[in-house]
Amino acid sequence: MQNQAPCLSIGSLTSKTGRLFTRLMEQKLKPAGMRAGQIPVFLALGKGEVLTQKVLAELAGIEQPGMATLLARMERDGLIEREPDPDDKRVSQIRLSAVGLTKSQQVIPIMEGASEEAFKGFTPLERGILITLLERMSSSLESCL
């Protein structure tokens with residue numbers, strides 16, 4: 001195999017692909033009044049679950065300050081509700097509001113539509129192989145950290 005140009009390194013290629021997919025998701029979510037960064041919260045709380053900010057940050061794979069900012073915006077927009085934890089008043093339990101629950105039902109179909117666009121021109125076999133390889137790479141990288 002020939003040497004790839006530096007612009008096609010695995011890091012830059014996966015980064016570029018991730019940015020492009022996020023832009024596509026933003027396009028698809030905007031009409032529904034949602035943002036791509038909110039997806040982990042919608043998915044985690046979409047069946048009426050109640051979680052803490054710490055757990056949501058861990059699930060989303062982001063730092064707590066970033067999750068705090070995201071949750072503050074979602075609360076401002078009426079998508080989530082907070083209530084004090086009965087066992088620890090310093091901790092808030094977070095749930096989707098009625099509006100947030102309704103919006104959360106739209107997330108998976110929107111994600112599936114975006115995935116279909118991203119995989120346009122791929123065979124089912126190619127899709128499966130790519131997903132398997134990316135999962136393996138993600139697992140390898142997680143074990144390094």
Side-chain angles (χ1 to χ4, degrees), residues 1-85 91-145:
M1 181 173 202
Q2 294 179 330
N3 287 340
Q4 300 271 334
C7 65
L8 295 179
S9 71
I10 190 66
S12 63
L13 195 53
T14 55
S15 181
K16 178 182 178 184
T17 303
R19 283 191 312 273
L20 289 169
F21 190 76
T22 298
R23 283 178 46 202
L24 178 61
M25 286 298 301
E26 289 288 349
Q27 258 182 7
K28 301 285 184 194
L29 290 165
K30 189 175 184 177
M34 295 182 281
R35 303 288 313 256
Q38 298 169 334
I39 289 174
V41 176
F42 282 123
L43 294 177
L45 302 177
K47 292 185 179 128
E49 293 84 346
V50 178
L51 299 173
T52 64
Q53 175 180 310
K54 180 180 180 183
V55 171
L56 286 169
E58 289 169 2
L59 290 172
I62 63 173
E63 298 292 324
Q64 283 223 42
M67 181 56 71
T69 301
L70 174 63
L71 292 174
R73 288 183 186 138
M74 291 181 78
E75 186 174 31
R76 176 200 68 202
D77 296 342
L79 301 172
I80 63 161
E81 299 169 346
R82 299 178 200 239
E83 56 189 51
D85 185 310
V91 176
S92 291
Q93 294 184 332
I94 300 159
R95 75 177 73 242
L96 290 176
S97 66
V99 171
L101 278 169
T102 299
K103 287 186 182 285
S104 75
Q105 303 305 309
Q106 300 172 48
V107 169
I108 296 209
I110 290 171
M111 289 174 62
E112 288 172 346
S115 292
E116 284 302 313
E117 288 187 39
F119 278 121
K120 198 175 358 180
F122 284 68
T123 67
L125 178 62
E126 290 170 331
R127 289 178 185 212
I129 290 170
L130 180 57
I131 289 168
T132 298
L133 293 174
L134 289 171
E135 287 171 342
R136 283 178 49 200
M137 180 178 283
S138 180
S139 179
S140 292
L141 291 168
E142 283 176 350
S143 71
C144 295
L145 302 174

Task: Residues Glu112, Lys28: salt bridge by 4.0 Å N-O rule - done: no

Identify the two heavy atoms, one from [X] and one from [Y], that lie closest to each other, and give their separation to 0.1 Å.
X	Y	value
Ala114	Leu24	O-CD2, 3.6 Å
Arg82	Ala68	NH2-O, 4.3 Å
Ala60	Met67	CB-CE, 3.7 Å

Does some side-chain heavy atom of [Y] sit less than 4.5 Å from a side-chain heavy atom of [X]?
X	Y	answer
Phe119	Ile131	yes
Arg73	Gln38	no
Met74	Ile94	no

Heavy atoms of other groups near [X] [atom1], more than 12 under 6.0 Å:
X	atom1	result
Arg127	CZ	yes
Ile108	CD1	no
Glu63	CD	no

[X] side chain vs [Y] backbone, donor-acceptor pair below 3.5 Å:
X	Y	answer
Lys103	Ala32	yes
Glu81	Arg95	no
Ser92	Pro84	no
Ser139	Glu135	no
Ser138	Leu134	no
Ser104	Leu101	yes

Enter the distance from [X]:[atom1] to [Y]:[atom2] here, rounded to the nearest 0.5 Å.
X	Y	atom1	atom2	answer
Leu29	Met111	CG	CE	9.0 Å
Glu117	Lys120	CD	NZ	5.5 Å
Ser140	Met137	OG	CE	7.5 Å
Met25	Thr22	CE	OG1	8.5 Å
Leu56	Leu43	CG	CG	11.0 Å

- [ ] Run the numbers on Leu51 and Leu59 for side-chain contact (heavy atoms from CB on, under 4.5 Å), then give the verdict.
- [x] CA-CA 10 Å; Leu51 299 173; Leu59 290 172; 3.9 Å; yes

- [ ] Go through the side-chain N and O atoms of Arg19 and Ser15 and say whether any donor and acceptor fall under 3.5 Å apart.
- [x] yes

Task: Among Lys54, Glu58, Gln53, side-chain hydrogen bond (donor to acceptor under 3.5 Å, both in side chains) partner for Gln64 - done: Gln53

